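These numbers were taken from a predicted model, which means no experiment stands behind them. Lettering follows sequence order; numbering is per chain, from 1.
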Number of protein chains: 2
Amino acid sequence: MPTRTAAQRREAARAEYDAFLATCPSRQVLDRISDKWVTLVLVALADGTKRYSDLCRVIAGVSQKMLTQTLRTLERDGLVARTATLAVPVRVDYDLTPLGESLMPAVNAVKAWAEQHIGDIEASRATYDSRTAAR
Amino acid sequence: MPTRTAAQRREAARAEYDAFLATCPSRQVLDRISDKWVTLVLVALADGTKRYSDLCRVIAGVSQKMLTQTLRTLERDGLVARTATLAVPVRVDYDLTPLGESLMPAVNAVKAWAEQHIGDIEASRATYDSRTAAR
DNA sequence: CAGCATCCGGATGGATACTG
DNA sequence: CAGTATCCATCCGGATGCTG
């Protein structure tokens with residue numbers, strides 16, 4: 001009777017690690033802000049209240065499905081506040097909550113780094129590509 | 001002569017959107033650090049040189065394919081340096097480049113925010129879920 | 001040891017149509 | 001206006017097997 005196979009051990013390790021990641025705060029937050037649309041919504045709301053249709057227009061290219069889904073998760077996480085005004089026509093406003101605002105410095109730190117170093121990255125890519133293409 | 005098909009319009013829209021994204025530095029960088037494995041590799045390398053097999057072990061749960069792929073893009077972007085030692089057996093070391101190190105403060109800012117506010121987020125989720133479940 | 005090629009299932013997310 | 005519901009193509013990423 002053999003011990004566990006390599007595959008079984010690997011799977012166990014992966015499951016364990018996944019469990020670790022699931023409880024890792026940094027991981028959870030990163031999973032959020034890493035979302036394709038989350039940061040775009042965040043910066044859009046950073047300069048003031050926006051209506052659903054405003055967001056749809058400002059973030060050109062987002063589908064309704066993704067915008068709604070993004071707003072729901074942000075609302076659930078307490079980063080964004082949703083205010084519905086029952087009238088005709090319906091009006092829904094979204095703002096950053098204080099918690100959402102407190103995240104902006106971190107987001108802006110990444111943004112600042114990006115704008116400062118994108119040139120280096122692109123230069124590196126060009127070098128890398130020309131070198132690999134030569135082979 | 002028919003007008004453009006739905007597929008053609010879809011492709012045109014996507015191409016336009018891709019072009020927009022391509023010009024956004026923040027987006028490009030966020031796409032990188034948002035990758036499931038990128039930040040894990042970054043923090044693993046932040047405390048020193050690591051061999052391929054070290055990374056494989058430290059970041060339990062990553063597949064070889066993903067680890068290699070992650071390292072390649074990081075190398076291409078100039079965030080990570082790859083050093084191969086031709087010997088038997090082959091030995092390959094990875095380090096952060098100065099550029100990669102300069103990114104760490106921004107990553108740590110997000111990490112710090114995460115650890116500080118994860119409680120608020122989880123509380124918000126609990127409230128949100130109990131409220132929606134009640135309906 | 002480090003890495004590549006291939007296959008493939010499932011999640012992701014876009015298009016579209018419909019509703020209060 | 002602000003969504004919801006559904007369908008479906010694409011792509012991500014894991015498993016596996018093979019090299020220098």
Taking the minimum atom-to-atom distance to the side chain of [X], which one of [options] wins?
X     : options              : value
B:V92 : D:dG3, C:dA2, C:dG13 : C:dA2
A:K65 : D:dA2, D:dT6, C:dT6  : D:dT6
A:V90 : D:dG13, C:dG3, D:dA2 : D:dA2

From CA spacing to verdict: side chain to side chain contact (heavy atoms under 4.5 Å, CB included), A:D77, B:Y128: CA-CA 8 Å; A:D77 289 354; B:Y128 183 94; over 6 Å; no
Test item: B:V110 and A:V110 side chains (from C-beta on) under 4.5 Å apart, heavy atoms: yes
Check: B:I33 and B:L103 side chains under 4.5 Å, non-hydrogen atoms: yes
Nearest-angstrom distance from the residue atom [atom1] of [X] to [atom2] of [N]:
X     : N      : atom1 : atom2 : answer
A:M66 : C:dA11 : CE    : C1'   : 11 Å
A:Y52 : C:dT19 : OH    : C1'   : 14 Å
A:Q64 : C:dT12 : CD    : C1'   : 18 Å
A:L40 : C:dG13 : CG    : C1'   : 15 Å
B:K50 : C:dA2  : NZ    : P     : 13 Å
B:L67 : D:dC12 : CG    : P     : 18 Å
B:D93 : C:dG3  : CG    : C1'   : 15 Å
B:L71 : C:dA2  : CG    : C1'   : 11 Å

[X] side-chain N/O to [N] phosphate OP1/OP2 under 4.0 Å:
X     : N      : value
B:W37 : D:dC12 : no
A:R82 : D:dG3  : yes
B:Y94 : C:dG3  : yes
A:K36 : C:dG14 : yes
B:R57 : C:dA2  : no
B:R91 : C:dA2  : no
B:S53 : C:dA2  : yes
B:R51 : C:dA2  : yes

Ion pair A:R125/A:E122, N-O distance below 4.0 Å: no
Residue whose nearest DNA chain C nucleotide is more 5′ - A:S63 or B:T68: B:T68
Contacts of A:K111 that satisfy salt bridge (Lys or Arg N to Asp or Glu O under 4.0 Å) - sequence neighbours left out: none
Bend angle of the helix from C:dC1-D:dG20 to C:dG20-D:dC1, from helix axes over five pairs at each end, nearest 10°: 50°
Counterpart residues, side-chain contact (heavy atoms from CB on, under 4.5 Å), relative to A:T127 (two or more places apart): A:R131
Polar side-chain atom of A:S124 near backbone of A:D120 as donor-acceptor pair, under 3.5 Å: no
B:T49 side chain vs B:D93 backbone, donor-acceptor pair below 3.5 Å: no
